[in-house]
Amino acid sequence: MIRAKHTVLGAACTVLLATLVGCGASDAGGSEALTVDRLIGLAGEVGKDGSGSCPLPYDPEKAASVADLGKRIEPGAAKAEPGDPVATAEGGQKTDQQSPWAGKPGALISCVYHVGDEKLEINTSGVAEGSGVYVLAPLIQYAGAMDATALRAYTKKAAEAELHEPVQSEGGNVVTVRFRSGDKGDVAMVLTVGEDGKASLAPEQVLGLAKTFAAQAE
């Protein structure tokens, strides 16, 4: 979640600028497209303290059924404390020059769930300029246990992928999908399951979840 891990996003993104090009510098269940402006608005609703529900149009119960998980996707972390948020957010119409958005409008909303004892996180980013994928590079690297070379190759492939074309990590526990973003910017979703490049779910199940979540976002 952002307070545990994403607060270092700006610093991590700055470090990754040495190896990645375009990092920042370059209502729930509704049918409205996830444009950059809509993400910024929803991030504002989530606020600094987070929210007890995910504001994005993802339906984990339906996704679990489509992906044939045979188990439920529950909101929050498996060992969440009372009051821990399900959704966290950062960004806005005005951002800090040292942030991943480099002063430009943008937002990141992260929604955390669990499957059994395993963490499942849906991170959705929007940028007014550049690629929404590169903003998520630190999270991709963390979940996928990628070194700098693997991260560079993966994020480049994901950033250049066609809209709604899922790009799965070698370990299978990370999938990135780009969305239609209206008439400006770029929106991307990164689904992570487990950590350290591993998940108890089969790679095809993780991929199935990502495809379903992407379809729900349209």
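Just so you know, these numbers come straight off a predicted model, no measurement behind them.
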Side chain S169, main chain V174, donor-acceptor under 3.5 Å: yes

With heavy-atom distances below 4.5 Å as the criterion, would you say the side chains of L136 and T176 are in contact? no

Atom pair CD/NZ of E165 and K157 - distance to nearest 0.5 Å: 7.5 Å

Would you find a donor on one side and an acceptor on the other, under 3.5 Å apart, between the side chain of S110 and the backbone of N123? no

Gap between atom CG of L120 and atom CG of N173 - 0.5 Å precision: 10.5 Å

Donor-acceptor under 3.5 Å (H164 side chain, V177 main chain): no

When you compare the side chain of V66 with that of K211, does any pair of heavy atoms fall below 4.5 Å? no

Just by modelled atom types, is the Q141 backbone N or O under 3.5 Å from a matching donor or acceptor in the Y154 side chain? no

Taking the side chain as everything from C-beta on, heavy atoms only, tell me whether V133 gets closer than 4.5 Å to K156. no

Which residue pairs pass the disulfide bond (SG atoms under 2.5 Å apart) test when at least one of the two sits in residues 93-173, sequence neighbours left out? C54-C111

Below 4.5 Å, heavy atoms only, C-beta onward: do L201 and L209 meet side chain to side chain? yes

Side-chain donor/acceptor of D196 to backbone N/O of K198, under 3.5 Å: no

Tell me whether the rings of Y58 and F213 are parallel (<30°), tilted (30 to 60°) or perpendicular (>60°). perpendicular

So, does T95 use its side chain to make a donor-acceptor pair with the main chain of G91 at under 3.5 Å? no

Which atom pair, heavy atoms only, marks the closest approach of A128 to V36? N-CG1, 4.1 Å

Could you tell me whether the side chain of S125 reaches within less than 4.5 Å of the side chain of L108, counting heavy atoms only? yes

Counting N and O atoms only, with roles assigned by atom type, does the side chain of Q168 sit under 3.5 Å from a partner on the main chain of V175, one being a donor and the other an acceptor? no

Kindly give the heavy-atom pair with the smallest separation between A43 and A107, and that separation in Å. CB-CB, 3.9 Å

OG1-CD1 distance between T88 and I109, expressed to the nearest 0.5 angstrom: 9.0 Å

d(I73 CD1, Y113 OH) to nearest 0.5 Å is 8.5 Å

Closer than 3.5 angstrom, by distance alone: can the side chain of R178 be matched with the main-chain N or O of A161 as a donor-acceptor pair? yes

Dump the intermediate steps for side-chain contact (heavy atoms from CB on, under 4.5 Å) on T155 and I140, then the final yes or no. CA-CA 8 Å; T155 51; I140 292 170; 4.2 Å; yes

Pairwise side-chain contact, V187 with L39, heavy-atom cut-off 4.5 Å (strictly under): yes

What residue pairs, at least two apart or across chains, pass salt bridge (charged side-chain N to carboxylate O under 4.0 Å, His left out) with a residue in residues 60-82? R72-E74

Quick one: are V193 and V115 in side-chain contact, heavy atoms under 4.5 Å? no

L42 and P55: which non-hydrogen atoms are nearest, and at how many Å? CD1-O, 4.1 Å

